[in-house]
*Asks:* 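Take a look at this one; I'll ask things after.
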Amino acid sequence: MKEKAVFLTAQWEYLVMLNYPVPPEILIPYLPKGTELDLFQGKALVSVVGFLFNNTKVFGIRWPFHTNFEEVNLRFYVKRFNGKEWKRGVAFISEIVPKHMIAWMANTLYNEHYSRMPMKHQAHLENDFVQLNYEWQNKLQWNSLKVKALNRPSPIEAYSAEEFIFEHYWGYNQLNKNTLIEYGVEHPSWEVYPVTYYELNADIARLYGTEFVPYLLKEPHSIMLAKGSSVTIRKPSFVTV
């Protein structure tokens with residue numbers, strides 16, 4: 001099969017992941033038709049994610065004022081069997097960016113769940129520590145996601161929670177009741193930092209829905225910070241399901 005053309009390239013940097021177990025039934029309304037939940041050690045996980053888009057190009061073009069920006073999203077993990085192999089991917093409940101054009105383009109081409117909010121971040125790198133703070137303004141309230149980690153990046157270990165979370169290389173969305181959107185996300189395996197501290201201050205109910213409140217207010221199953229790399233996102237395919 002011919003490889004899909006490139007839609008977007010970028011540098012994804014400092015990916016923060018707070019991973020929470022949730023009952024599978026609350027994810028079913030968001031599950032794209034033709035996929036099923038991908039479980040880690042029997043658990044359905046959602047991830048609150050913050051990261052940086054840098055040096056972004058759409059169809060090979062740098063769009064002025066749209067090359068470097070933050071994103072915060074809530075995602076979960078799915079898989080699809082195409083008749084030959086399982087494709088492991090992610091689906092999204094919410095995605096936040098600071099640029100109207102980015103949100104419009106992703107929602108139009110990929111039927112994503114983007115919204116635009118004012119955002120900012122701080123990144124502090126020292127000899128011993130790495131500290132990230134992502135903030136977004138929901139209505140009049142500033143929300144934040146923070147981590148601190150030892151500045152000792154190391155490769156992801158096989159069969160680890162980090163491998164499960166970071167190595168899903170497909171994205172899925174529902175276009176309509178009979179059509180699934182599938183797109184490839186390509187990047188090398190990332191290095192991860194040992195996280196020593198985290199903080200999530202967010203209006204969970206307003207952002208994601210009241211059903212997520214009891215679970216995202218608990219301690220996470222795992223907390224991760226990845227160094228990131230260059231990424232390639234392919235144009236979407238449309239699968240009849």
*Asks:* Do N138 and M117 have side-chain heavy atoms sitting under 4.5 Å apart?
*Replies:*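 Yes - at least one pair of side-chain heavy atoms lies under 4.5 Å apart.
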*Asks:* Closest approach of M119 and W136, non-hydrogen atoms and distance?
*Replies:*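 The pair with the smallest heavy-atom distance is CG-CB, 3.9 Å.
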*Asks:* Return yes if some donor-acceptor pair links the side-chain N/O of R234 with the main-chain N/O of K4 below 3.5 Å, else return no.
*Replies:*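 Pair found, side chain donor or acceptor close to backbone of K4.
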*Asks:* For residues N151 and E126, is any side-chain donor paired with an opposing acceptor at under 3.5 Å?
*Replies:*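 E126 and N151 do not have a side-chain donor-acceptor pair below 3.5 Å.
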*Asks:* Could you tell me whether the side chain of V49 reaches within less than 4.5 Å of the side chain of L74, counting heavy atoms only?
*Replies:*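 Result no, sub-4.5 Å side-chain heavy-atom pair not found.
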*Asks:* Between K146 (side chain only) and L200 (backbone N and O only), is there a donor and an acceptor less than 3.5 Å apart?
*Replies:*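 No, the answer is negative, given that no donor and acceptor are paired below the 3.5 Å cut-off.
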*Asks:* Would you say the rings of Y77 and H168 are close, in the sense that their centroids are separated by under 6.0 Å?
*Replies:*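 When the ring centroids of H168 and Y77 are compared, they turn out to be within the sub-6.0 Å range.
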*Asks:* Check V241 against G34 and note the closest heavy-atom contact, atom names and distance.
*Replies:*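 In this case the closest contact between V241 and G34 is CG1-CA, 4.0 Å.
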*Asks:* Assess whether atom CH2 of W63 is packed by more than 12 heavy atoms of other residues, nucleotides or ligands within 6.0 Å.
*Replies:*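 Check fails, neighbour count at 12 or below.
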*Asks:* Could you check whether any side-chain heavy atom of V16 comes within less than 4.5 Å of a side-chain heavy atom of V72, counting everything from C-beta outward?
*Replies:*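 SC-SC contact between V16 and V72 ruled out.
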*Asks:* So for atom CD, which belongs to E157, do other residues, nucleotides or ligands contribute more than 12 heavy atoms lying within a distance under 6.0 Å?
*Replies:*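 Result for CD/E157: open.
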*Asks:* Take L175 and F238 through the side chain to side chain contact (heavy atoms under 4.5 Å, CB included) test and state the conclusion after the steps.
*Replies:* CA-CA 8 Å; L175 180 63; F238 301 94; 3.9 Å; yes
*Asks:* Is a side-chain donor or acceptor of N143 paired with a backbone partner of D203 at a separation under 3.5 angstrom?
*Replies:*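 Between the backbone of D203 and the side chain of N143 there is a qualifying donor-acceptor contact (under 3.5 Å).
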*Asks:* Check whether the side chains of E167 and S189 place a donor and an acceptor atom closer than 3.5 Å, and report yes or no.
*Replies:*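 The criterion, which ignores hydrogens and geometry beyond distance, is satisfied for S189 and E167.
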*Asks:* Looking only at heavy atoms, what is the nearest atom pair of R75 and I165, with distance?
*Replies:*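 Shortest heavy-atom separation between R75 and I165 comes out as NH2-O, 2.7 Å.
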*Asks:* Verify whether one side chain among Q131 and Y197 offers a donor that lies under 3.5 Å from an acceptor in the other.
*Replies:*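 No, no side-chain donor-acceptor pair sits under 3.5 Å.
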*Asks:* Please check: side-chain N/O of N173 versus main-chain N/O of Y110, any donor-acceptor pairing under 3.5 Å?
*Replies:*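 Yes; at least one donor-acceptor contact below 3.5 Å.
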*Asks:* Do you reckon Y14 sits in the same ILVMFWY cluster as F129, going by side-chain contacts under 4.5 Å, direct or chained?
*Replies:*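 Y14 does not cluster with F129.
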*Asks:* Evaluate the side-chain proximity of N178 to K33: yes if any heavy-atom separation is below 4.5 Å, no if none is.
*Replies:*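 With C-beta onward as the side chain, the pair touches.
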*Asks:* Evaluate side chain to side chain contact (heavy atoms under 4.5 Å, CB included) for E191 paired with K227, printing each intermediate quantity in order.
*Replies:* CA-CA 6 Å; E191 292 184 313; K227 191 173 185 179; 3.8 Å; yes
*Asks:* Could you check whether the rings of W190 and W12 sit parallel, tilted or perpendicular, using 30° and 60° as the cut-offs?
*Replies:*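 Judged by the thresholds at 30° and 60°, the geometry between W190 and W12 is tilted.
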*Asks:* Does a side-chain heavy-atom distance below 4.5 Å link F69 with T56?
*Replies:*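 Touching, per the 4.5 Å side-chain cut-off.
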*Asks:* Taking all non-hydrogen atoms of both residues into account, name the closest pair between N111 and H113 and its distance.
*Replies:*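 Distance-wise, the nearest heavy atoms are O-CE1, 4.1 Å.
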*Asks:* Supply the atom-to-atom distance N55 CG to T9 OG1, rounded to the nearest 0.5 angstrom.
*Replies:*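 Those atoms lie 7.0 Å apart.
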*Asks:* Can you get from W142 to L132 by hopping between Ile, Leu, Val, Met, Phe, Trp and Tyr side chains that sit under 4.5 Å apart?
*Replies:*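 The answer is no; the residues belong to distinct hydrophobic clusters.
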*Asks:* Show the nearest heavy-atom pair for residues A226 and Y193, with the distance to one decimal.
*Replies:*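 Reported closest heavy-atom pair: C-CE1, 4.3 Å.
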*Asks:* For R206, does the CZ atom have more than 12 heavy-atom neighbours from other residues, nucleotides or ligands under 6.0 Å away?
*Replies:*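 Yes - once you tally the heavy atoms of other residues, nucleotides and ligands closer than 6.0 Å, there are more than 12.
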*Asks:* Rounded to the nearest 0.5 Å, what separates atom CG in L180 from atom CD in Q174?
*Replies:*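 Separation between the atoms: 6.0 Å.
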*Asks:* With rounding to the nearest 0.5 Å, note down the distance linking CD in E135 to CG in N201.
*Replies:*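 The CG atom of N201 is 9.5 Å from CD of E135, to the nearest 0.5 Å.
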*Asks:* Grab the two heavy atoms, one from L27 and one from A44, that are nearest each other, plus how far apart they are.
*Replies:*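 Smallest interatomic distance, heavy atoms only, reads CD1-CB, 4.1 Å.
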*Asks:* Over 60° means perpendicular and under 30° means parallel, so tell me whether F76 and Y30 are parallel, tilted or perpendicular.
*Replies:*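 Rings of F76 and Y30: perpendicular, over 60°.
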*Asks:* Does the plane of the ring in F51 sit parallel, tilted or perpendicular to the ring in F53? Use 30° and 60° as the thresholds.
*Replies:*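 Judged by the thresholds at 30° and 60°, the geometry between F51 and F53 is tilted.
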*Asks:* Within the side chain of R62, is there an N or O that forms a donor-acceptor pair under 3.5 Å with the backbone of T67?
*Replies:*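 A pair under 3.5 Å: no.
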*Asks:* So, K120 and E70, do they make that salt bridge, N to O below 4.0 Å?
*Replies:*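 A salt bridge is absent here (no side-chain N lies under 4.0 Å from a carboxylate O).
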*Asks:* Does the cation-pi check pass for K87 over W170, that is, NZ or CZ under 6.0 Å from the six-membered ring centre and within 45° of its axis?
*Replies:*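 Judged by the rule, K87 and W170 form a cation-pi pair.
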*Asks:* Between K218 and Y20, is NZ or CZ placed under 6.0 angstrom from the six-membered ring centre and within 45° of the ring axis?
*Replies:*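 Here K218 fails the 6.0 Å and 45° test against Y20.
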*Asks:* When you group the ILVMFWY residues by side-chain heavy-atom contacts below 4.5 Å and let the links chain together, are W104 and V97 in the same group?
*Replies:*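 Hydrophobic grouping puts V97 with W104.
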*Asks:* Keeping E112 on the side-chain end and Y114 on the backbone end, is there a donor-acceptor pair under 3.5 Å?
*Replies:*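 Answer holds: no.
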*Asks:* Is the backbone of T179 close enough, under 3.5 Å, to the side chain of N176 for a donor and an acceptor to pair up by distance?
*Replies:*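 Present.
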*Asks:* Just jot down the side chain to side chain donor-acceptor pair (under 3.5 Å) partners of N54, sequence neighbours excluded, or say none.
*Replies:*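 Partners of N54 under the side chain to side chain donor-acceptor pair (under 3.5 Å) test: E13.
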*Asks:* Linking I/L/V/M/F/W/Y whenever their side-chain heavy atoms sit closer than 4.5 Å, directly or via other members, would Y183 and V6 fall into one cluster?
*Replies:*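 They do not share one cluster, since no chain of ILVMFWY contacts under 4.5 Å joins Y183 to V6.
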*Asks:* Within a strict 4.5 Å, meaning less than it, do heavy atoms of the V130 and K148 side chains meet?
*Replies:*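 A side-chain contact under 4.5 Å is absent here.
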*Asks:* Would you give the length of the straight line joining atom CG of L217 to atom CD1 of I204, rounded to the nearest 0.5 angstrom?
*Replies:*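 Going from CG on L217 over to CD1 on I204, the span is 6.0 Å.
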*Asks:* Starting at CE of M224, measure out to CD of E162 and round the result to the nearest 0.5 Å.
*Replies:*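 The CD atom of E162 is 4.0 Å from CE of M224, to the nearest 0.5 Å.
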*Asks:* Passes side chain to side chain contact (heavy atoms under 4.5 Å, CB included), I96 versus E71? Steps please.
*Replies:* CA-CA 6 Å; I96 302 167; E71 177 171 325; 6.0 Å; no
*Asks:* Please determine whether side chain to side chain contact (heavy atoms under 4.5 Å, CB included) holds for the pair V185 and T232, giving the CA-CA distance in whole Å, both sets of side-chain angles, and the decisive distance to 0.1 Å.
*Replies:* CA-CA 6 Å; V185 180; T232 297; over 6 Å; no
*Asks:* Other residues, nucleotides and ligands only: do more than 12 of their heavy atoms fall within 6.0 Å of NZ on K79?
*Replies:*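 Enclosed.
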*Asks:* Are the aromatic rings of Y169 and H187 close, with centres under 6.0 Å apart?
*Replies:*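 Yes - the distance between ring centres of Y169 and H187 falls below the 6.0 Å cut-off.
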*Asks:* Look at the aromatic rings of F7 and F59 and report parallel, tilted or perpendicular, splitting at 30° and 60°.
*Replies:*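 Geometry flag for F59 against F7: perpendicular rings.
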*Asks:* Just wondering, do F212 and I93 contact through their side chains at under 4.5 Å, heavy atoms?
*Replies:*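 In short, these two side chains touch, coming nearer than 4.5 Å.
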*Asks:* As an exercise, state the distance from CG of L37 to CG of L31, rounded to the nearest 0.5 Å.
*Replies:*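 Separation between the atoms: 5.0 Å.
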*Asks:* Is any side-chain heavy atom of P220 closer than 4.5 Å to a side-chain heavy atom of N19?
*Replies:*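 Side chain of P220 against side chain of N19, heavy atoms only: no contact under 4.5 Å found.
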